[in-house]
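Scroll down for the structure; my scribbles are underneath it.
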Amino acid sequence: MKSTVLCADIGTTSLKAGLIGGCGEVAAFSQRTFRNPDDEHAALAWLPALCSAVREMSAEGTADIRAVCISGNGPTIVSEDGTTLLWNADIPPAEMTGSPAEKSLFIPRLLAFRTLFPSRWDSSRYVYSGPEFLIHQLCGGSVTILPESRYAESYWTKTQLLSVSLPEEKLPPFVPVAYNAGNTLPEITVQLSLPHPVPVFCCGPDFVAAMVGTNSLAPGKLYDCAGSSEGVNLCTAVPVTGKGLLSLPSVVPDLWNAAVMQAESGRMFVNFKRIVEAIEERSISYEELISGCISNPGSDGFEILEFVANNLKKSIKLLFDAAAENGLHVELPVVVTGGQAKSGQWMQMKCNYAGVPLAVCNCPDAELIGDAVIAQTGLGTYRSIKDAADAIVKITKVYTPESAG
């Protein structure tokens with residue numbers, strides 16, 4: 001398969017990897033669950049997880065791999081020794097009311113990292129966001145991926161950093177999406193079974209990978225990142241604000257992304273699965289557990305599934321209402337990506353509750369397709385991210401509501 005990209009997305013509880021061809025063919029897929037996802041050095045598990053995933057996928061061959069592309073959760077902060085402050089970890093409050101830093105998603109976590117791990121902050125040449133730490137391990141490059149120039153205030157500006165006494169030199173310089181951070185280091189080339197070094201491209205935050213991997217790059221397009229956490233997103237031509245909405249720029253200039261976020265979603269079911277497995281003293285597949293829960297509406301598991309489905313319904317209504325108030329159109333189906341997209345039963349239940357069609361792309365973990373789109377753009381296979389997404393992203397299944405939830 002020509003122009004294969006080794007794609008990897010760092011989730012909160014697992015790393016997902018795939019070998020994706022130039023037309024979106026998924027030659028192989030592997031997922032590695034982190035044993036201790038909340039560990040203080042969680043980031044040190046990412047590279048071994050990627051190498052393990054590649055070993056599993058190597059039956060499909062690695063000789064045709066032309067590039068590596070990495071995305072992942074954020075705003076996670078990692079020092080050079082792997083000390084990790086995850087995006088969803090509780091942090092000490094930072095007083096920034098009225099400060100230019102108020103708009104930043106990263107500065108509160110940078111301040112928290114410095115407070116919680118002062119010696120590691122001082123000893124680290126750079127502190128990284130999540131995917132950038134793995135990129136650094138792969139190729140030695142030190143970068144911060146800025147999804148689009150309008151994101152600067154959501155990351156940091158010189159003025160914002162000065163206002164809270166954070167040193168700019170502690171943070172790697174900004175680079176754009178599809179930037180080539182460098183070729184794989186010799187030892188990494190061997191560990192990944194590559195015949196020669198290949199470029200490592202920057203995708204950045206997982207929500208950008210999902211945005212690109214679902215081709216939600218035109219006004220009205222909807223996508224749902226449904227993993228450990230969940231976010232329903234609407235691409236708009238103008239910024240849309242309102243209670244419960246987060247408005248950020250799209251990766252495409254002049255477009256915007258309105259989002260409704262749920263910090264707790266699939267992870268509740270992951271925790272429930274661990275409890276059931278401990279009680280029954282056996283491993284249980286997600287399909288078996290989901291099927292059992294859906295067939296038993298009185299169970300705790302059904303209650304979790306129903307909670308998630310109802311939250312999706314509320315999120316979609318919020319976005320539909322905001323679109324109506326602003327005279328914007330909405331284009332169905334909602335394209336779903338993440339672990340929840342892999343269960344047909346759960347997808348159908350969510351579809352029934354939401355009352356709108358849901359869809360899945362050529363890879364249920366569409367973040368990996370987004371990585372492939374970004375890498376192919378960086379390789380020059382396509383002229384732009386939008387052109388690459390139009391060619392690579394394909395909807396393969398659509399769920400339609402069977403009944404009201």
Side-chain angles (χ1 to χ4, degrees), residues 1-10 16-27 50 54 62-72 74 128-151 155 172-185 188-189 192 194-217 249-253 255 361-363 365-393:
M1 183 169 54
K2 295 180 181 179
S3 301
T4 301
V5 178
L6 169 58
C7 303
D9 182 72
I10 307 161
K16 298 162 187 173
L19 300 179
I20 314 292
C23 294
E25 318 94 296
V26 183
L50 177 61
V54 170
T62 56
D64 291 330
I65 293 175
R66 289 189 59 198
V68 178
C69 193
I70 306 296
S71 57
Y128 298 88
S129 187
E132 288 91 336
F133 177 74
L134 181 54
I135 288 169
H136 174 68
Q137 289 184 302
L138 293 173
C139 68
S142 294
V143 300
T144 300
I145 306 158
L146 193 66
E148 206 265 350
S149 60
R150 292 169 295 166
Y151 271 86
Y155 276 63
F174 287 136
V175 299
V177 169
Y179 178 81
N180 180 353
N183 288 341
T184 51
L185 297 168
I188 296 298
T189 302
L192 296 180
L194 301 173
H196 51 76
V198 299
V200 179
F201 287 102
C202 299
C203 183
D206 48 10
F207 76 88
V208 167
M211 181 191 301
V212 173
T214 57
N215 198 11
S216 300
L217 304 175
S250 168
V251 71
V252 175
L255 296 181
C361 289
N362 30 337
C363 180
D365 293 294
E367 291 84 353
L368 300 180
I369 299 296
D371 291 329
V373 167
I374 296 301
Q376 295 294 354
T377 305
L379 287 167
T381 310
Y382 299 94
R383 291 181 302 174
S384 69
I385 292 172
K386 184 68 171 68
D387 286 347
D390 286 343
I392 292 174
V393 180

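Position 1 is the first residue of the sequence; numbering continues from there.
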Return each pair, listed once, that meets salt bridge (charged side-chain N to carboxylate O under 4.0 Å, His left out) where at least one residue sits in residues 141-150; pairs must be two or more places apart or across chains.
Glu148-Arg150

Does the side chain of Tyr382 reach to within under 4.5 Å of the side chain of Ile392, using non-hydrogen atoms?
yes

Taking all atoms of both residues into account, what is the closest heavy-atom pair of Pro172 and Thr144, and its distance?
O-OG1, 2.9 Å

List in chain and number order the residues that pass side-chain contact (heavy atoms from CB on, under 4.5 Å) with Ala210, two or more places apart in sequence or in another chain; answer none if no residue qualifies.
Tyr223, Cys225, Thr337, Glu367

Between Gln376 (side chain only) and Ser3 (backbone N and O only), is there a donor and an acceptor less than 3.5 Å apart?
yes

Cys361: which residues meet the side-chain contact (heavy atoms from CB on, under 4.5 Å) condition with it, sequence neighbours left out?
Val335, Val393, Ile395

Determine which pairs satisfy salt bridge (charged side-chain N to carboxylate O under 4.0 Å, His left out) with at least one residue from residues 375-385, sequence neighbours left out, and list them in order.
Arg383-Asp387

Taking atom CG of Leu19 and atom CG of Leu368, what is their separation to the nearest 0.5 Å?
10.0 Å

Gap between atom CG of Asp371 and atom SG of Cys7 - 0.5 Å precision:
5.0 Å

Any Ile385 side-chain heavy atom under 4.5 Å of Val252 side chain
no

Test side-chain contact (heavy atoms from CB on, under 4.5 Å) applied to Val5 and Ile65, step by step
CA-CA 5 Å; Val5 178; Ile65 293 175; over 6 Å; no

Plane angle bin for Phe174 and Tyr155 - parallel if under 30°, tilted between 30 and 60°, otherwise perpendicular
perpendicular

Gap between atom CG of Asn183 and atom NE2 of His196 - 0.5 Å precision:
10.0 Å

Set of residues satisfying side-chain contact (heavy atoms from CB on, under 4.5 Å) with respect to Thr184, sequence neighbours excluded:
Val68, Ile188, Thr189, Leu194, Pro197, Val198, Val200

For residues Ala389 and Leu217, report the shortest heavy-atom separation together with the two atoms involved.
CB-CD1, 3.9 Å

Of all heavy-atom pairs between Gly182 and Asn180, which one has the smallest distance, and what is that distance?
N-OD1, 2.9 Å

About how many Å separate CG of Asp206 and CE of Met211, when rounded to the nearest 0.5 Å?
11.0 Å

Closest non-hydrogen contact found for Leu50 with Ala8 is CD1-CB, 3.8 Å

Looking at SG of Cys139 and CZ of Phe201, how far apart are the two atoms once the value is rounded to the nearest 0.5 Å?
10.5 Å

Distance from Ile135 atom CD1 to Ser71 atom OG, nearest 0.5 Å?
9.0 Å

So do the side chains of Asp365 and Asp9 get within less than 4.5 Å of each other, counting heavy atoms only?
no

Test your reading of the model: is there a side-chain donor-acceptor pair from Tyr128 to the backbone of Ser142, 3.5 Å cut-off?
no

Are the side chains of Leu138 and Leu192 in contact, using a 4.5 Å heavy-atom criterion?
yes

Using side-chain heavy atoms (C-beta onward) and a distance below 4.5 Å, is Lys16 in contact with Ile10?
no

Does any non-hydrogen side-chain atom of Ile374 lie less than 4.5 Å from one of Val208?
no

Going by the rule side-chain contact (heavy atoms from CB on, under 4.5 Å), which residues pair with Val175 if we only count those two or more places apart in sequence or in a different chain?
Val143, Ile145, Tyr179, Cys202

Counting C-beta onward and ignoring hydrogens, is there a side-chain heavy-atom pair between Pro147 and Pro205 closer than 4.5 Å?
yes

Closest non-hydrogen contact found for Arg66 with Leu379 is NH2-CD2, 4.0 Å

